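Below: one structure, written as structure tokens.
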Number of protein chains: 2
Amino acid sequence: MRISAKGRYGLAAAISMAENYNSGEYITVISISERLGISKIYLEQVFSLLKRGGIVTSIKGAQGGYQLARHPRQITVLDVLSAVELSLFEQAEETVKSKAPEIESAMRVSVFDEIDGAVKSTLENITLSDLVNEAEKHKTNQSFMFFI
Amino acid sequence: MRISAKGRYGLAAAISMAENYNSGEYITVISISERLGISKIYLEQVFSLLKRGGIVTSIKGAQGGYQLARHPRQITVLDVLSAVELSLFEQAEETVKSKAPEIESAMRVSVFDEIDGAVKSTLENITLSDLVNEAEKHKTNQSFMFFI
DNA sequence: TGCCACTGGATTGTGTCAATAGACAAAAGA
DNA sequence: TCTTTTGTCTATTGACACAATCCAGTGGCA
């Protein structure tokens, strides 16, 4: 399934903030942008959506920045992607409604709703904490392979 | 999750052919196009993809047309959508690979691969027979509601 | 006051998708 | 063999969404 750039950037940014959650500091867009190698201007839009979705809180002005609104264990990937990726669960367009409504209904009930349900239940069972742990695993693996 | 017009049309067409499977006849694009109210010219492209994917067989010329390649019980929605919807499981682009490869890996393993797996296992458990039955259910429901 | 950082809107380029069109190939029947 | 029917293939168009950038504005801190 295709995840847009906004979705991927938003998720990466959220993970990055979760890694620093313990410090309690507010983090600037620039620092995340440099850490991840993403355009700062583009990231601004993403954070704007993250804020609107209640994933992060913000403080303006000098020494300002963003902070996760809740503990990383209480933020699921579904939360993040829903905030940033508008097309995740958009209502499917009608296909053959007028001539064959029974086929339209069958596709919706047995296929489209099923897919959305499967995706949703998958995403709401992964938290930012899980991802931080997973990233840590890959970090050590990569150092290990590097030094051999 | 967004399913493109090609995917929806392909699935509707496949269901429609499954309804006529017992007759053993070859069915023309025009008859499906009229049955479903879809542009014939556009449906041609869809059937071309269905054939390439081994979902249907074809006979050219007069009295020609298309036929399901296997029994509807042996054709899954995954088969149909994979044939028609090219972007279903396309490799996700890299996001933060160079600066933060461990985050990239974590997202891939814990999120993207998980989603694709969930979608895949959902779709491969729905057959065209199931959809024909479901459509029949909706048909009777609608007549029922109509005559009350 | 002056800088810093978030806020929001406007814009542009690019690419993909939906849809149409038309030329061509093969099979059946008169 | 000629005509009709139906599938096959490729090119083209228009619309729209997405990725990315820019900039003017606002609020807070020192």
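Protein chains get the first letters and strands the later ones, always in sequence-line order, with residue 1 at the start of each. Everything quoted here is computed from the prediction, not taken from an experiment.
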[X] side-chain N/O to [Y] backbone N/O, donor-acceptor pair under 3.5 Å:
{"X": "B:S31", "Y": "B:I27", "result": "no"}
{"X": "B:S33", "Y": "B:I38", "result": "yes"}
{"X": "A:R8", "Y": "A:I3", "result": "yes"}

Would you say that B:N125 contacts B:T76 through its side chain, given a criterion of any heavy-atom pair below 4.5 Å between the two side chains?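 No, side chains not in contact.
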Answer with base, sugar-phosphate or nothing: what part of the nucleic acid does A:Y66 contact at a heavy-atom distance below 4.0 Å?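 A:Y66: backbone/sugar contact only, no base atoms under 4.0 Å.
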Can you list, by residue number, the residues of residues 14-38 of chain B that have a non-hydrogen atom closer than 4.0 angstrom to DNA chain C?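 Result for residues 14-38 of chain B: none.
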May I ask you to list the residues of residues 50-59 of chain A, by number, that have any heavy atom positioned under 4.0 Å from an atom of DNA chain C?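 Contacting residues: A:K51, A:S58, A:I59.
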Walk along DNA chain D from 5' to 3' and tell me the first and last nucleotide with an atom closer than 4.0 Å to a non-hydrogen atom of chain A.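 That gives a stretch of D:dA19 to D:dC29.
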For B:E134, enumerate each residue passing the salt bridge (charged side-chain N to carboxylate O under 4.0 Å, His left out) test, keeping only those at least two apart in sequence or located in another chain.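 Only B:K137 meet the salt bridge (charged side-chain N to carboxylate O under 4.0 Å, His left out) criterion with B:E134.
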Using side-chain contact (heavy atoms from CB on, under 4.5 Å) as the criterion, list what pairs up with [X], not counting sequence neighbours.
{"X": "B:Q74", "result": "B:R70, B:H71"}
{"X": "A:E94", "result": "A:K97, A:E104"}
{"X": "A:E34", "result": "A:I30"}
{"X": "B:V132", "result": "B:I15, B:A18, B:E19"}

List, by chain and then residue number, the residues other than A:Y26 in its hydrophobic cluster (Ile/Leu/Val/Met/Phe/Trp/Tyr, side-chain heavy atoms under 4.5 Å); write none if there are no others.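 Members alongside A:Y26: A:I59.
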Not counting sequence neighbours, which residues clear side chain to side chain donor-acceptor pair (under 3.5 Å) with B:K40? List them please.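 B:K40 satisfies side chain to side chain donor-acceptor pair (under 3.5 Å) with B:E44 only.
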How does protein contact run along nucleotides 14-26 of chain C, one letter per nucleotide 5' to 3', with B for base contact, S for sugar-phosphate only, - for none, heavy atoms under 4.0 Å? ----SBBB----B
Kindly list each side-chain donor-acceptor pair under 3.5 angstrom involving residues 106-117 of chain B, sequence neighbours excluded, with atom names and distances?
unit_1, atom_1, unit_2, atom_2, d
B:D116, OD1, A:M1, N, 2.5

